[in-house]
Amino acid sequence: MDAQREVWSARSVFILAAIGSAVGLGNIWRFPYVAYTNGGGAFIIPYLVALLTAGIPLLFFDYAIGHKFRASPPLAFRRISRWAEGLGWWQVGICFVIAVYYAVIIAWAARYAIFSIGEAWGDDPEGFLFGTFLQQEDSARVGFDLVPGVAITLLLIWIATLVVLAFGVQRGIGSSARIFVPLLVVLFLALVVRALFLDGAVEGLNAFFQPDWSILTNPTVWIAAYGQIFFSLSIAFGIMITYASYLRLKTNMTSSGLVVAFSNSSFEILAGIGVFAALGYMAAAAAVPIDEVVGGGIGLAFIAFPQIISAMPGGSIFGAVFFTCLVFAGFTSLISIVQVVIAAVEDKLGMSRLAAVAIVGGSMTVISMALFPTTTGVGVLDVVDKFVNNLGIVGVALVAIVSVIWFLRQGPAFVEHLNAVSSFRLGIVWRICIGVATPVVLAYMLVSEMITLVQDGYEGYPASFVLGLGWAVQGLLIVVAIVLSLTPWRQGTDLAAPDAT
Ligand code: PHE
Ligand code: NA
């Protein structure tokens, strides 16, 4: 075993870092919208079922691989079987792609934290966002005309990320999680409490929690619940494998996983409450029904929130804190995705951490800077994001489970490994969830999503644009993964599974 492998100084540091990775933009701007449009209060049922039957079992699956095989995803899968290495590279590729655009959204949020102070958007937040700030062209194409205000902020985000990663697992990632996660919780709680005292907050919450039980028979609602859980827990694309590989051998794995999963969900529900209290205020102030002010994603954070901020007494401070929360939540997630790629390069090439940070970080920064802070960047981001989330993540999770559990029959060994160190013990329920329920749901999601994308395209973008940035990029990731898995390991790499605990 690699004697110099980095370690977390304590299990609590790992838990904080894992929470920092899980709690991200998805909790704040994705969950409230998904829950509201999929049954409101009734969504809690499919959501909990998805969490318990797929989210937590997959989290344990990732932990088992990372902790038992103690390596980045390519080397961990290689230690399971020489045929499985490509799975690890596929995950690394997905992380690479997500990182290059995720950083841009953090850059926008950082600028908006400052814009909030002077309410820079005036009375036209939408025109300000796409015109004044992002300077978007109408055409969907890949262009390289930089928008300086966005580009400079993005560069600063990349520098901050790479500085943290250069300090390593414990001193960099661990220390930043210890600072940013508690800070995020405190700031976000303050926002939620403030929002609850706004006029109209109660109507907002009523709209959010209003249960529509009839949705329980609707498959798309169940798919939405599983999709939210996979995205939100950041499972099955290498992050949790990488973070778990830095834990000491004797670590209570499963109870750590439960803490991470329930913290993430609690944060999500908290965000739903805060966001809908604020939307309720806006609906009341503008005298429009709630469903006309609800939106998800970019529109919620960068259009609806500016409107709320402008309308509200003391809105500037509320806004600055809200966007600071987005930055903190996003930053700890970005760190975790980039670390997957760094760890893989370190393992494969036997490189020092600093060299890997320089090479990986440098290439990510260049690609991220070239494609996204541009006058055409939003369309590119939109398509890449859609495909990596709906096809890439789902596809790699499905293939990983089928390979590792069905073909390589690792289930019993994983149960044995986790039970040897953990207090919450796994057994037949976990085996059924991971071996049957999860792959069935993933396969259904993947196929139905592919059919929809083939039939309807995406958001009216030109077919060639969707083909190039969507299908081709996801296909290329698989090809590159296969090629990388055929290249030799550095001399002396220990390709055998480490000794059992
Ligand atoms: N889990 C994160 C969220 O809820 C999203 C994320 C995506 C994190 C990719 C890391 C990597 O926002
Ligand atoms: Na999350």
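No hydrogens, no waters, no symmetry mates; every other heavy atom, side chains included, goes into these values. Start at 1 and go down the list; that is how both ligands and their atoms are numbered.
Between the side chain of Arg353 and the main chain of Ala166, a donor-acceptor pair closer than 3.5 Å is present. In terms of modelled atom types and a separation under 3.5 Å, the side chain of Ser256 and the main chain of Ile15 share no donor-acceptor contact. Judged purely by atom type and a 3.5 angstrom limit, Glu268 has no side-chain atom pairing as donor or acceptor with the backbone of Phe31.
Less than 6.0 angstrom separates the ring centroid of Tyr112 from the ring centroid of Phe133. If you look at Phe302 and Trp121, their ring centroids are not closer than 6.0 Å.
Under 3.5 Å, the side chains of Arg30 and Ser232 contain no donor-acceptor pair of N or O atoms. Judged by distance alone, the side chains of Tyr226 and Thr53 do bring a donor and an acceptor atom under 3.5 Å apart. Asp382 and Tyr458 share a donor-acceptor pair across their side chains, judged by distance under 3.5 Å alone.
The contact set between ligand 1 and Gly24, taken as ligand atoms under 4.0 Å from a residue heavy atom, comprises 3 (C), 4 (O), 12 (O). Below 4.0 Å from some heavy atom of Ser232 lie the following atoms of ligand 1, by number and element: 1 (N), 4 (O). Below 4.0 Å from some heavy atom of Ile337 lie the following atoms of ligand 1, by number and element: 9 (C), 10 (C), 11 (C). Listed by number with element, the atoms of ligand 1 under 4.0 Å from a non-hydrogen atom of Ser21 are 1 (N), 2 (C), 8 (C). Taking a cut-off of under 4.0 Å to the non-hydrogen atoms of Tyr102, the atoms of ligand 1 that pass are 5 (C), 12 (O).
Ser232 lies close to the Na ion (ligand 2), since one of its N, O or S atoms is found at a distance under 3.0 Å. Look at Ser234 and the Na ion (ligand 2): no N/O/S atom of the residue is under 3.0 Å from the metal. The Na ion (ligand 2) has an N, O or S atom of Ala22 inside 3.0 Å of it.
With atom 10 (C) of ligand 1 as the reference point, the heavy atom nearest to it among Ile98, Ile239, Asn27 is part of Ile239. For the residues Ala99, Ala22, Ser234, the heavy atom positioned nearest atom 3 (C) of ligand 1 is part of Ala22.
When the shell of 6.0 Å around CD1 of Ile317 is examined, it contains 12 or fewer heavy atoms from other residues, nucleotides or ligands.
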Practice task
Apply ring pair (Phe, Tyr, Trp, His ring centres under 6.0 Å) to the pair Phe323 and Phe115, showing each step before the final yes or no.
Solution key: CA-CA 10 Å; Phe323 287 109; Phe115 290 155; 9.0 Å; no
Exercise for the section: Test Ser175 against Phe167 for side chain to side chain contact (heavy atoms under 4.5 Å, CB included), laying out the working first. Expected result: CA-CA 9 Å; Ser175 307; Phe167 278 99; over 6 Å; no
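The shortest N or O to N or O distance between Ser336 and ligand 1 is not under 3.5 Å. Note: no N/O pair closer than 3.5 Å links Ser333 and ligand 1 by distance alone. In terms of polar-atom proximity, Leu25 is counted as a contact of ligand 1, with an N or O under 3.5 Å from an N or O of the ligand. Between Phe231 and ligand 1, an N or O atom pair is found at a separation short of 3.5 Å.
To the nearest 10 degrees, the angle centred on the Na ion (ligand 2) between OD1 in Asn27 and OD1 in Asn264 reads 90°.
Ranking protein heavy atoms by distance to atom 12 (O) of ligand 1, first place goes to Gly26 N, 2.6 Å.
Residue contacts with ligand 1 leave out Phe31, since none of its heavy atoms falls under 4.0 Å from the ligand. In this structure, Asn264 does not count as a contact residue of ligand 1, since none of its heavy atoms falls inside 4.0 Å of the ligand.
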